[in-house]
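Below: the structure, in structure tokens.
Treat the numbers as computed from the prediction; the structure is a model and nothing was measured.
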Amino acid sequence: MAKRKATVGGKTAVKKAASDRIFMERMQRHHDELRWLYMELYGNDDMFAELCDQMKWYYDQRSAKLKKLDAEREAAGAWYRKRDMLGMMMYIDNFAGNIKGVQEKLPYLEKCNVNYIHLMPFLDSPKGRSDGGYAVADFREVKPELGTMDDLAELAEKCHDKGISLCMDFVMNHTSENHEWAKRARQGDGEYMSRYFFYADPSIPQEYEKTVPQVFPTTAPGNFTYLPEMGHYVMTTFYPYQWDLNYRNPRVFNEMMYNFLYLANQGMDIIRIDAVPYIWKELGTNCRNLPQVHTIVRMMRMIGEIVCPGIVLLGEVVMEPDKVAPYFGTVEKPECHMLYNVTTMATTWHTVATRDIRLLRKQMDIVCSLPREYTFLNYLRCHDDIGWGLDYATLKEWGMDEVAHKKYLNDYFQGKVEGSVSRGELYNEDPVTGDARFCATTASMCGVESAGIEQDEEEMKWAIRKDLMLHAYMFTQSGIPMLYSGDEIGQVNDYTYKDDPDKAPDSRYIHRGKFNWDLVDNIKDKTSVQGRIFNGLEDLEKIRRTEAVFNTDAEVYTKDYKDTSLLWIVRKSEGEELHAVFNFSDEGRTIWMPEKAVYTNLATGVTEEVETVELSGWDFVWMKR
């Protein structure tokens, strides 16, 4: 018996030695650059040594299953760039009540062909002052009503068994005023005050205000909040109850990296870094996209590659594609693995309202000109509002004034313009400037809501066709498509948020309604609205999974076509060529193929010699040769 125990102990020692060797190899690969960058920012050897020790501790805490997954993903390379990747973002409570409920609904998500789930913020945050969960009070606790960290780890394990990846938000820029650090700071503890931006002298916040733009000028004006009980101002870029963290303090960086590694060890596969451009502040600047931000993200990437190389960093950078691109880093010094294609989303809806694809095509050309290794997340709608941050310099050349055009877009999507079938509400409207953002679900913006209310079957056909055309266009773009939970069944706006005092002031809850499970029963009926949308999306997803022209490394470009309501995208891969044409107008079109040749219509499966194609209003065609 003693001999057997010794053998077991020997095997454990051998395994540990092998595991330690892997860690040291990864550490040696990155140590010199990591130390150089750390010392450049902080010049603190002791804090760097502590960081390295803690990285080893979190590596040792990582489960054998996750280490095995790390090794598989390291060997596979960019595992997240498969052409069958399809994501879905959801609020846990809206979708399934709690984390265990999400686990029970995994078969439904598999039926949706989803293999990447983005769980919207679920960490502990104060009720009524949470900003949708982005005001985190504890980075190591789940909201009690949603479950526990053990539930999260179990969900991750079940997802991995099914080949599904989990994504979560990591809010780096700020904490809730209810976070333990903030509580201690409010008590006057200098150690914790130094983790935020506190100023007793009002002239310093005034100097910041001269150069720092406001995020929410109407609902949360200014970038500082005065705390009378302390006689200090604290920096609050987003809302008064969200206190900006001071990354000039190495203790803040270290502790946030430990939180990052803790969450990665729960089985998270994709860590979405919230509000990346804001995380470094300097007086006299706009406190956006400063060089030190890239240093921090680069260090975070290396820390991940040392401790948990199977995870992916997704950056939330809300800018146009060419300004977003620097957050990918370089081939030699990569930063984020993936970034959102935010501006294209807004421009897509601009195109719907104007029936003019020129601006959308221009932006797609920019994306297509970037290295093919860059991975963008593409989506039609998400949890947030639509801000009309368009390329107004270009629009001005085409006779569109910024203020008037924003008003037109908001009027159009509220259904106030003749011919508009969209329904929705404004968000953060500024009564002085008239500026506002817009909120609604994809289905409501496409006309499913208005057609349903009017019981107009002809209008419903148009609405569903528009909905599916826009999804097909999203699937044709370079990158990973993301569905917003409920879009797969055409869920419309939920106006009941107005009955909840905590939600009523925030119109974004119009598209954050509870998932309607009763509608899921209708997907078996292919004549129902839900059946037509769900099965239509399933057909598109199947084509994308099986056709080489949708490979992630395909050559993609737009084709010049004289009709400005037609967007023409070409994809080339493995000797095949896809011509994808999308009609952003109410009228039918005859399109001429580049040459008379044999094409396969991927939607119908028909292969024949084709010279022209008839395209109905708000329809598309995928022609392969």
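Classification of K68 and D70 as a salt-bridged pair fails, no side-chain N sitting under 4.0 Å from a carboxylate O. Taking 4.0 Å as the cut-off between side-chain N and carboxylate O, D385 and R437 count as a salt-bridged pair. Comment: R29 does not engage E25 in a salt bridge, judged by the lack of any side-chain N to carboxylate O separation of less than 4.0 angstrom. Comment: K158 does not engage E154 in a salt bridge, judged by the lack of any side-chain N to carboxylate O separation of less than 4.0 angstrom. Salt bridge present: R186 and E229 bring a charged side-chain N and a carboxylate O closer than 4.0 Å. A salt bridge links R129 to E177: at least one charged side-chain nitrogen sits closer than 4.0 Å to a carboxylate oxygen. A salt bridge between E74 and R26 is present, with a side-chain N of the basic residue lying under 4.0 Å from a carboxylate O of the acidic one. By the 4.0 Å N-to-carboxylate-O rule, D506 lies close enough to R508 to be salt-bridged with it. A salt bridge between R372 and D553 is absent, with no side-chain N of the basic residue lying under 4.0 Å from a carboxylate O of the acidic one. Taking a cutoff of 4.0 Å between a charged side-chain nitrogen and a carboxylate oxygen, E157 and K65 qualify as a salt bridge. Salt bridge annotation for E40-R35: absent, with no cationic side-chain nitrogen under 4.0 angstrom from a carboxylate oxygen.
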For Y208 and F224, run ring-ring contact (aromatic ring centres under 6.0 Å, His included): C-alpha distance rounded to whole Å, both residues' side-chain angles, the deciding distance at 0.1 Å, then the answer.
CA-CA 9 Å; Y208 272 105; F224 285 84; 5.5 Å; yes
Y327 and H294: CA distance, side-chain angles, deciding distance, ring-ring contact (aromatic ring centres under 6.0 Å, His included) verdict:
CA-CA 7 Å; Y327 284 88; H294 293 279; 4.4 Å; yes
Run the numbers on N44 and Y38 for side-chain hydrogen bond (donor to acceptor under 3.5 Å, both in side chains), then give the verdict.
CA-CA 8 Å; N44 192 317; Y38 193 95; over 6 Å; no
Applying side-chain contact (heavy atoms from CB on, under 4.5 Å), run through T237 and M235 and close with a yes or a no.
CA-CA 6 Å; T237 299; M235 183 177 274; 4.1 Å; yes
For ring-ring contact (aromatic ring centres under 6.0 Å, His included), just list the numbers for Y58 and F260, CA-CA rounded to whole Å, side-chain angles, deciding distance to a tenth of an Å, and then say yes or no.
CA-CA 10 Å; Y58 281 101; F260 158 62; 9.7 Å; no
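Remark: side-chain polar atoms of T347 are not paired, donor with acceptor, to backbone N or O of L360 under 3.5 angstrom. Side chain of D151 to main chain of T148: a donor-acceptor pair is present (N/O by atom type, distance under 3.5 Å, no hydrogens or angles). Under a 3.5 Å cut-off, the side chain of R381 and the backbone N or O of H511 do not form any donor-acceptor pair. Panel note: side chain H174, backbone Y134; a donor-acceptor pair is recorded below 3.5 Å.
Between L261 and Y59 there is no side-chain heavy-atom pair separated by less than 4.5 Å. Side chains of N178 and D138 form no contact here, defined as non-hydrogen atoms less than 4.5 Å apart. For the pair H405 and L409, the minimum side-chain heavy-atom distance is below 4.5 Å. Taking the side chain as every heavy atom from C-beta outward, L166 and I270 never approach each other to under 4.5 Å. Side-chain atoms of T552 and M85, non-hydrogen and from C-beta on, never get closer than 4.5 Å to each other. Between K127 and K143, every side-chain heavy-atom pair lies at or beyond the 4.5 Å cut-off. No side-chain heavy atom of E145 sits under 4.5 Å from any side-chain heavy atom of D93.
Taking every heavy atom of both residues into account, S165 and W79 meet most closely at OG-CZ3, 3.3 Å. Nearest heavy-atom pair, Y379 versus M474, reported as atom, atom and distance to 0.1 Å: CA-SD, 3.3 Å.
Distance check: E209 CD to I204 CD1 gives 13.0 Å after rounding to the nearest 0.5 Å. Summarising the geometry, atom OG1 belonging to T225 is positioned 10.0 Å from atom CD belonging to Q242; distances are rounded to the nearest 0.5 Å. Separation of atoms CG (L377) and CE (M338) is listed at 5.0 Å; rounding is to 0.5 Å.
Ring-centre distance between H118 and Y484: not below the 6.0 Å cut-off.
Paired with Y196 under the rule side chain to side chain donor-acceptor pair (under 3.5 Å), one option of T236, T175, N246 passes, and it is T175.
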